[in-house]
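A note on names: the letters A, B, ... follow the listed sequences, proteins ahead of strands, and every chain is numbered from 1. Treat the numbers as computed from the prediction; the structure is a model and nothing was measured.
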Amino acid sequence: MCGRYAISLDPDQLATHFHAEPSETPLRARLNAAPSEYLPVLLNSGERRISLLRWGLIPSWAKDPTIANNLINARAETIEEKPSFRDAFKKRRCLVLADAFYEWQSLPNGKKQPMKIALQSGEPFAFAGLWEQWQPPEGEPLRTFTIITTSANPLIESIHQRMPVMLTPKGEQMWLDNQASVEVWRNLLLPFEADLMKIEPVTSDILRQSGM
DNA sequence: CCAGACGTTGTT
DNA sequence: GTCTGG
DNA sequence: CCAGACGTTGTT
DNA sequence: GTCTGG
């Protein structure tokens, strides 16, 4: 799950909302952010500036960067143990900026209905993420990220078993500060309560175009 | 010791 | 069915 | 996550 | 890099 999400705000609005400086490289809003794209995140580096990292984590030890295809999500339940994630969990956390995500509900007729999940307020929010830096055999280092998932809350449950971890504003800071122990962040901070969220069907036409 | 994996999703 | 690319 | 490819030879 | 399986 969480293989697509939306960033509808323009770059300046996005930066303002998260009390950050805009990214140095240009950023484009999009309704259908997909894995392998360079997308806006806030790193836990102290500097409050939006960075563009590639979606799909490549561990530093990877020989084959296509491993990223399989690492667009990380299960919260096992993130401490998995070789691909545990280093990043300790040292390289990030906020993945968004204002909606999509789940595809399987219908009885075999087709799939895309559903859009957002805050009732429509405001942007952050997913809990991890990032990594990978050195290719030649050329510049590549920075990548993954989005943490957990079990679905009551609202999402009807269409899907899992959902991305969405941070409250307080949770955002704790996440970046590496403050929370696993128990704390898993149980207290993270998934937004279902009554703060809304869910609605969207047409696949909207998602076909990556841009806006 | 070396060789090979290292992951998620959904679906059965 | 399974993999790759976006 | 979904959409789309998935293969070779030779010839233009 | 580090762990698991042979």
Side-chain angles (χ1 to χ4, degrees), chain A residues 1-8 25 27-41 52-93 96-118 127-137 141-153 156-166 186 191 199-212:
Chain A
M1 60 120 327
C2 200
R4 301 296 177 104
Y5 65 90
I7 314 152
S8 319
T25 39
L27 163 66
R28 156 178 84 81
R30 68 199 71 195
L31 285 181
N32 191 18
S36 80
E37 293 181 359
Y38 284 83
L39 297 166
V41 305
L52 298 185
L53 270 64
R54 199 169 190 262
W55 185 9
L57 188 131
I58 307 176
S60 58
W61 43 259
K63 293 189 183 73
D64 179 3
T66 60
I67 191 174
N69 292 333
N70 300 322
L71 302 181
I72 66 171
N73 293 141
R75 289 177 65 90
E77 295 88 337
T78 54
I79 201 170
E80 274 188 308
E81 309 147 19
K82 296 294 183 182
S84 296
F85 301 130
R86 58 189 174 197
D87 290 350
F89 177 71
K90 287 184 205 148
K91 293 177 240 166
R92 287 177 297 278
R93 303 182 183 183
V96 181
L97 312 186
D99 53 44
F101 65 95
Y102 304 102
E103 297 287 5
W104 277 259
Q105 180 176 23
S106 296
L107 301 177
N109 64 10
K111 300 200 168 180
K112 290 187 169 183
Q113 170 63 56
M115 307 289 279
K116 174 184 173 181
I117 296 99
F127 299 124
L130 303 177
W131 66 279
E132 267 294 355
Q133 181 158 299
W134 179 74
Q135 178 61 59
L142 181 59
R143 291 191 300 178
T144 59
F145 74 92
T146 190
I147 294 174
I148 297 174
T149 65
T150 187
S151 30
N153 71 21
I156 311 294
E157 221 168 26
S158 57
I159 61 169
H160 216 79
Q161 294 179 338
R162 299 189 61 79
M163 64 179 286
V165 172
M166 300 163 70
R186 191 188 297 163
I199 178 165
E200 63 187 12
V202 292
T203 67
S204 10
D205 293 351
I206 292 180
L207 300 181
R208 200 169 304 275
Q209 54 203 3
S210 173
M212 302 196 49

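Rounded to a whole Å, the CD atom of A/Gln105 is 18 Å from the P atom of B/dT9. The interatomic distance linking A/Gln161 (CD) with B/dT8 (C1') rounds to 13 Å, in whole Å. The nearest whole Å value for the distance from the CE atom in A/Met163 to the C1' atom in D/dC1 is 16 Å. The CD atom of A/Glu37 sits 12 Å away from the C1' atom of D/dC1 (whole-angstrom rounding). Distance CG (A/Leu71) to C1' (D/dC1): 15 Å, rounded to an integer number of Å. Following rounding to the nearest Å, A/Arg75 (CZ) and D/dC1 (P) show an atom-to-atom distance of 13 Å. Distance, A/Ile156 CD1 to B/dT9 P: 14 Å, rounded to whole Å. Atom pair A/Arg4:CZ and D/dC1:C1' shows a separation of 5 Å (rounding to whole Å applied).
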Every protein N/O within reach of nucleotides 4-6 of chain E N/O, cut-off under 3.5 Å:
none

Nucleotide N/O to protein N/O under 3.5 Å, stretch nucleotides 3-6 of chain B:
{"unit_1": "B/dC6", "atom_1": "O3'", "unit_2": "A/Ser84", "atom_2": "OG", "d": "3.3"}

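Within 4.0 Å (heavy atoms only), A/Arg86 reaches sugar-phosphate atoms of the nucleic acid but no base atom. Backbone-only engagement by A/Phe85 is indicated by non-hydrogen atom pairs under 4.0 Å involving sugar-phosphate atoms exclusively. Residue contacts shown for A/Ser60 are absent, as no nucleic acid heavy atom lies under 4.0 Å away.
One finds no side-chain N or O of A/Thr149 lying less than 4.0 angstrom from the OP1 or OP2 phosphate oxygen of B/dT8. Between B/dT8 and A/Arg162, no contact under 4.0 Å exists linking OP1 or OP2 to a side-chain N or O.
Closest non-hydrogen pair, A/Ala100 versus A/Phe127, comes out as O-CZ, 4.5 Å. Taking all atoms of both residues into account, the shortest heavy-atom contact from A/Pro35 to A/Ile72 is CB-CG2, 3.7 Å. Between A/Asp99 and A/Ser8, the closest heavy-atom pair is OD2-N, 2.7 Å. Scanning all heavy atoms of the two residues, the minimum distance from A/Thr144 to A/Leu53 falls at O-CD2, 3.7 Å. Shown here for A/Tyr102 and A/Leu31, the closest heavy-atom pair between the two residues is OH-O, 2.7 Å. In terms of heavy atoms, A/Glu77 sits closest to A/Ser151 at OE2-N, 4.3 Å.
Rounding to the nearest 0.5 Å gives a distance of 11.0 Å between CD1 of A/Ile79 and OG of A/Ser84. To the nearest 0.5 Å, the span separating CD on A/Gln161 from CD1 on A/Ile156 amounts to 13.0 Å.
Taking atom C1' in both B/dT9 and D/dC1, one finds a spacing of 9 Å when rounded to whole Å. Taking atom C1' in both C/dT4 and D/dG7, one finds a spacing of 16 Å when rounded to whole Å. Here, B/dC6 and D/dT8 have their C1' atoms 35 Å apart, quoted to the whole Å.
A salt bridge does not link A/Arg28 with A/Glu37: none of the charged nitrogens is closer than 4.0 Å to a carboxylate oxygen.
Judged purely by atom type and a 3.5 angstrom limit, A/Trp55 has no side-chain atom pairing as donor or acceptor with the backbone of A/Leu39. In this structure, A/Thr146 contributes its side chain and A/Leu71 its backbone to a donor-acceptor pair below 3.5 Å. A donor-acceptor pair under 3.5 Å is absent between the side-chain atoms of A/Glu80 and the main chain of A/Phe85, judged by distance alone.
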task: State the dot-bracket string of DNA chain B. Criteria: Watson-Crick or G-U wobble, both atom distances under 3.5 angstrom; notation: ( ) intrastrand, [ ] crossing earlier pairs, | interstrand, . unpaired.
output: ||||||......
